[in-house]
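Below, read A as the first sequence line, B as the second, and so on, with proteins coming before strands; counting in each chain starts at 1. Keep in mind that what you see is a predicted model, and the values were worked out from it rather than measured.
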Amino acid sequence: MRRLINDPYEIVEEMLDGYCRAFGDHVKLLEHDGRVVVSKNAPKKDKVGVIVGGGSGHEPLFLGYVGEGFADAAVIGNINTSPSPEPCYNSVKAVDAGKGCIYLYGNYAGDVMNFDIGAEMAAEEGIRVETVLITDDVISSKNVADRRGIAGDFFVFKAAAAKAEEGSDLDGVVAAAKKANENCATMGVALGAAEHPTTGSEMFEMESGDMEIGMGIHGEPGVRRGKTEPADAVVTEIMDVLVPELKLAKGDEVCVLVNSLGATPMMDLFVAFRKVSMILEEKGVTVHKTFIGTYASTMNMPGTSVTLLKVDDELKKLIDYPTNAPYFIQK
Amino acid sequence: MRRLINDPYEIVEEMLDGYCRAFGDHVKLLEHDGRVVVSKNAPKKDKVGVIVGGGSGHEPLFLGYVGEGFADAAVIGNINTSPSPEPCYNSVKAVDAGKGCIYLYGNYAGDVMNFDIGAEMAAEEGIRVETVLITDDVISSKNVADRRGIAGDFFVFKAAAAKAEEGSDLDGVVAAAKKANENCATMGVALGAAEHPTTGSEMFEMESGDMEIGMGIHGEPGVRRGKTEPADAVVTEIMDVLVPELKLAKGDEVCVLVNSLGATPMMDLFVAFRKVSMILEEKGVTVHKTFIGTYASTMNMPGTSVTLLKVDDELKKLIDYPTNAPYFIQK
Amino acid sequence: MYKNYILDKDYFIQVVKDLAVMAEVERDYLTKLDSLIGDSDHGINLSIGFREVTKKLPEWENENITAFFKKVGMTLLGKVGGAAGPLYGGFFMKLGEPANNKEEVDFGEFCNMIKNGVEAVESRGKAIIADKTMVDTFRPALDALMAAVEAGQQPLDAFDKCVKAGEIGRDSTIPLIAKKGRALRLGERAIGHMDPGSASSYMILNIFYENMKKRF
Amino acid sequence: MYKNYILDKDYFIQVVKDLAVMAEVERDYLTKLDSLIGDSDHGINLSIGFREVTKKLPEWENENITAFFKKVGMTLLGKVGGAAGPLYGGFFMKLGEPANNKEEVDFGEFCNMIKNGVEAVESRGKAIIADKTMVDTFRPALDALMAAVEAGQQPLDAFDKCVKAGEIGRDSTIPLIAKKGRALRLGERAIGHMDPGSASSYMILNIFYENMKKRF
Ligand SMILES: Nc1ncnc2c1ncn2[C@@H]1O[C@H](COP(=O)(O)OP(=O)(O)O)[C@@H](O)[C@H]1O
Ligand SMILES: Nc1ncnc2c1ncn2[C@@H]1O[C@H](COP(=O)(O)OP(=O)(O)O)[C@@H](O)[C@H]1O
Ligand SMILES: [Mg+2]
Ligand SMILES: [Mg+2]
Ligand SMILES: [Mg+2]
Ligand SMILES: [Mg+2]
């Protein structure tokens with residue numbers, strides 16, 4: 001294994017300890033629940049609580065986006081595994097300011113079961129918690145409601161968090177999250193597997209030189225495996241799915257996220273974005289803002305995903321809203 | 001190879017095209033020299049020009065740090081290879097505002113030869129260009145002047161750029177860069193090799209499960225290869241070198257950079273920082289600010305480096321100076 | 001009818017200890033199954049959960065069967081997460097209920113425990129037979145057990161039927177397309193692979209059986 | 001004395017074409033040498049440089065020898081970067097100078113060209129013999145060539161001496177600790193590995209020689 005770790009059964013706790021030592025001016029762990037990362041500002045008076053979460057191993061996803069102008073809390077599960085109900089519930093208790101909370105996470109059966117129990121526990125105390133499941137992974141199912149949530153999490157979190165910052169009520173925040181989710185489409189390609197610290201080996205077998213289109217960020221099998229094609233061909237294949245999915249037409253505007261799944265050189269992300277940009281240009285679609293880097297990873301999995309968010313004035317304003325979280329700062 | 005590329009002989013041009021398409025509100029390529037990335041603000045009236053550069057494959061290093069409050073230009077070489085003299089010279093012509101320029105780059109023979117020719121060409125036109133070679137890689141040589149520059153580049157660039165922003169003359173900027181460099185020490189460990197797009201294979205041989213202490217960011221051999229030890233042991237070994245190197249004592253303050261060489265899961269960086277923080281705590285050394293992520297990479301090389309910058313009030317102010325470059329934003 | 005077939009706290013403690021050993025021994029095998037149609041962690045999830053159970057086990061020695069399994073289940077629920085956390089957490093939390101806070105149960109009561117646990121999995125996960133989940137093991141196993149009890153068979157015979165039906169159920173997942181869980185999105189690519197949860201469910205039932213053989 | 005041994009533009013163009021082929025054929029071998037004590041790119045650097053030279057070569061066919069090599073050198077300097085860019089760039093830029101803007105040179109003038117090129121490498125890189133660089137090939141090769149010329153030997157004999165001395169010089173880098181270039185920081189770990197620049201320098205000299213054999 002090509003990773004630097006200690007006891008794999010302690011890795012999540014050590015990661016969270018390290019993270020909060022590093023960014024203690026932004027966040028802290030809940031004293032009575034070491035799986036909840038809370039913003040130093042939370043609960044923020046008269047603001048809807050924005051809670052994100054999921055399994056570990058996708059950093060900076062979840063915890064990196066907790067901070068000023070962004071999420072109020074992240075609930076952290078084991079590697080590739082949804083958190084259990086208790087921290088889901090505890091996060092609500094920690095950030096609710098009387099206006100209710102929203103849970104935002106990728107649409108996975110495990111996450112749904114656990115967060116739902118958390119929400120039920122909160123409901124018993126009269127705290128309203130709404131959930132928006134993120135379903136941006138277009139290739140994961142024909143049926144939108146069955147789709148997984150992957151890098152599009154970032155855009156949905158961002159939109160909902162900004163709406164909450166603006167002072168919206170819970171219904172408004174839910175609406176903003178849904179709107180972002182509906183206008184968001186992602187497709188990824190994996191070029192290899194991540195190494196799981198517990199088994200000490202790669203999470204699945206894949207020959208160097210192969211690629212798998214549509215693989216999930218937990219290494220869930222995708223739709224097609226074959227020899228790795230040139231970047232431009234792969235990006236074209238991805239765009240041929242995303243563009244019709246969002247019904248993009250001349251004059252439309254999008255935000256673009258070119259995301260590394262963990263072990264992709266940044267150089268290759270820029271090369272990929274170049275083709276994304278050329279294809280959009282050709283179609284008369286304007287890019288409002290571009291994000292390139294590691295936004296939602298699978299530990300050290302080599303691979304790339306492209307996310308498009310179709311934006312109108314409202315979504316643009318929400319995406320552009322200033323933010324100061326450790327892994328996303330924007331003026 | 002687990003990379004998504006097109007023609008490897010075009011990769012640098014494609015990367016730069018993609019980069020400038022993405023961040024066109026921050027930077028542009030020089031019209032007459034496609035290897036010079038210039039800040040949209042440059043030349044800035046009455047400001048010393050800050051020019052950084054080196055080979056490609058270390059992204060976000062060099063080009064990612066060009067922008068408001070940071071470097072004015074980055075000169076871009078082929079992969080792992082210093083740029084040639086012409087773009088070094090062209091960068092000076094592009095950003096000089098009459099107060100001279102500083103070249104900042106890692107101390108490598110190739111870079112020195114090429115940048116020196118660039119400086120000579122500028123001198124012939126009466127433009128003063130000073131150079132500060134970055135030498136933070138403590139393990140690369142006993143002799144400080146022979147040491148390589150690696151992730152410490154980030155701190156030296158940051159300090160010099162802020163000093164220039166403050167309106168200092170060239171001598172002052174040189175002094176700030178030197179001060180940062182002298183107070184900066186880095187040590188890294190590689191767990192494998194990067195894949196070179198041109199050969200399509202790993203840059204050197206290394207078995208999974210091995211580590212090499214002190215390997216350079218171009219894959220230059222380090223000082224010791226052995227079985228990968230637990231993260232805490234490796235970090236302790238690194239800190240046992242860095243702490244005496246900077247003569248850190250109780251009451252001192254440092255900035256810390258835990259850097260991924262490209263294919264390290266962020267999770268592992270937080271685990272590593274945890275131990276760095278514990279060791280500093282034990283020694284009574286305070287952490288002023290922490291940076292964790294991919295700051296200076298070797299494409300997709302798995303590995304981690306730790307950089308300490310010993311700071312006084314002046315260096316703290318320079319490091320904290322607001323910046324808005326695509327790969328480093330700070331309020 | 002089963003009054004002479006008693007399962008006491010020691011039996012259940014031994015079962016839980018054996019489950020913890022199983023979680024370690026089978027960790028990589030179950031994870032490998034999950035890597036083919038899931039996210040490569042099912043065995044790891046169980047190992048994380050049962051390590052915590054093992055750590056706390058000594059504190060629970062004086063609990064009655066109901067409270068004991070409630071703690072086992074709560075620990076799994078709290079420590080595991082994912083799909084397996086609520087499902088197996090629910091299974092064990094509900095398992096003890098029919099024991100009515102007693103220190104021992106007879107085989108008939110034990111069968112009701114299994115029934116209660118399996119129903120908890122079904123009501124939490126909403127899966128039915130042929131969805132390619134642990135229900136494909138649990139439901140036929142439970143049905144076979146209940147039929148054998150109905151027919152008045154001896155405990156070991158009845159539980160043998162239960163385990164054998166679970167095994168057949170587990171293997172029945174191989175040719176299926178999934179309707180629940182992560183494999184759901186794989187469509188036909190899930191065909192040919194055993195569902196990891198059905199495999200671990202079988203192992204769990206089998207550990208109850210193996211320990212029973214030492215008693216009856 | 002060497003008046004009858006003429007090397008014309010065609011010869012030099014052919015040499016440059018063969019160098020470009022060499023850069024492709026030996027790319028991975030030279031890169032491999034560099035991977036052991038450098039940064040795994042020496043062959044790639046030459047390939048990048050000579051691809052550009054090949055692209056521009058047709059435009060240079062009417063240049064005299066001096067201008068021709070200046071362009072070759074400038075192209076390498078501009079396209080390659082690293083250590084090899086300025087060093088080989090300097091070598092070729094200076095190589096043509098003693099040809100004094102002529103279309104052909106005799107063997108004596110050619111030797112002065114080699115001398116001028118090698119001295120450019122030395123003055124740019126400041127390396128001396130036993131620093132474990134290309135100078136370990138170039139300097140002994142040049143000395144052997146000059147001694148043979150001094151002794152009035154036939155061109156092919158003289159250049160054979162030159163190439164052989166370069167080969168020995170190249171191999172002499174194997175046991176050395178480096179004093180220049182990236183290998184400098186390796187200390188004793190550089191021992192046992194051939195310097196990649198000394199290997200490519202030998203190849204370059206050898207291509208001049210092989211083409212000369214077809215002429216004289
Ligand atoms: N809705 C469900 N009902 C019953 N069992 C389920 C359901 N969803 C998933 N499972 C079971 O859970 C198993 C996966 O468990 P595990 O890998 O631990 O969780 P996760 O899928 O969250 O990674 C599947 O193999 C399947 O047997
Ligand atoms: N100062 C120097 N003088 C002469 N040759 C040198 C010097 N520094 C490096 N070299 C030569 O350059 C070679 C490396 O070239 P290359 O790999 O292309 O450049 P880089 O080291 O910048 O990656 C070395 O093998 C050595 O022969
Ligand atoms: Mg999981
Ligand atoms: Mg190089
Ligand atoms: Mg799983
Ligand atoms: Mg080299």
Residues, nucleotides or ligands: over 12 heavy atoms within 6.0 Å of D:M74 CE = no
Mark yes when over 12 heavy atoms from residues, nucleotides or ligands other than D:I174 sit less than 6.0 Å from its CD1; otherwise mark no.
-> yes
Under 6.0 Å from the CG atom of D:N62, do we count more than 12 heavy atoms belonging to anything else shown?
-> no
Pair count under 4.5 Å, heavy atoms only, with chain B: among D:A84, D:S47, D:G125, D:G187, highest is D:S47
Taking everything shown except D:E188 itself, do over 12 heavy atoms lie less than 6.0 Å from its CD?
-> no
So what's closer than 4.5 Å to chain D heavy atoms on B:E220: side chain, backbone, both or neither?
-> both
Under 4.5 Å heavy-atom distance to chain D, tell me which part of B:P221 shows up: side chain, backbone, both or neither.
-> both
Output, in order, the C-alpha distance, side-chain angles, deciding distance and verdict of salt bridge (charged side-chain N to carboxylate O under 4.0 Å, His left out) for D:K32 and B:E205.
-> CA-CA 10 Å; D:K32 171 91 193 174; B:E205 278 165 37; 3.1 Å; yes
Value for CZ (D:R182) from OH (B:Y108), rounded to nearest 0.5 Å, stands at 6.5 Å
Region of B:I117 in contact with chain D, defined by heavy-atom distances below 4.5 Å | side chain
D:L36 versus chain B, heavy atoms under 4.5 Å apart: side chain, backbone, both or neither?
-> backbone
Do D:R185 side-chain atoms and B:K142 backbone N/O form a donor-acceptor pair below 3.5 Å?
-> no
Proximity breakdown for B:D33 and chain D, heavy-atom pairs closer than 4.5 Å | neither
Counting heavy-atom pairs under 4.5 angstrom with chain B, the leader among D:G85, D:A83, D:G81 is D:G81
Go through B:G54, B:G55, B:P85 and name the one with the most non-hydrogen pairs under 4.5 angstrom from chain D.
-> B:P85
Per-residue contact mode, D:L77 against chain B (heavy atom under 4.5 angstrom) = both
For D:K79, does its backbone N or O pair with a side-chain atom of B:N78 as donor and acceptor, under 3.5 Å?
-> yes
Rounded to the nearest 0.5 Å, what's the gap from CG on D:D41 to OG1 on B:T198? Could you check?
-> 9.0 Å
In terms of heavy-atom proximity below 4.5 Å to chain D, should B:R35 be classed as side chain, backbone, both, or neither?
-> neither
Determine the minimum heavy-atom distance between B:A109 and D:G181, stating which atoms define it.
-> CB-CA, 4.3 Å
Reported CD1-to-CG distance for the pair B:I79 and D:D39, which is rounded to 0.5 angstrom | 11.5 Å
Assess whether atom NZ of D:K102 is packed by more than 12 heavy atoms of other residues, nucleotides or ligands within 6.0 Å.
-> yes
Taking atom OG of B:S84 and atom CG of D:L76, what is their separation to the nearest 0.5 Å?
-> 10.5 Å
Got a sec: does the NZ of D:K70 have more than 12 other heavy atoms crowding it under 6.0 Å?
-> no
Of the listed D:R27, D:R124, D:K180, the one with the largest count of heavy-atom pairs under 4.5 Å with chain B is D:R27
Do D:I44 and B:T199 have side-chain heavy atoms sitting under 4.5 Å apart?
-> yes
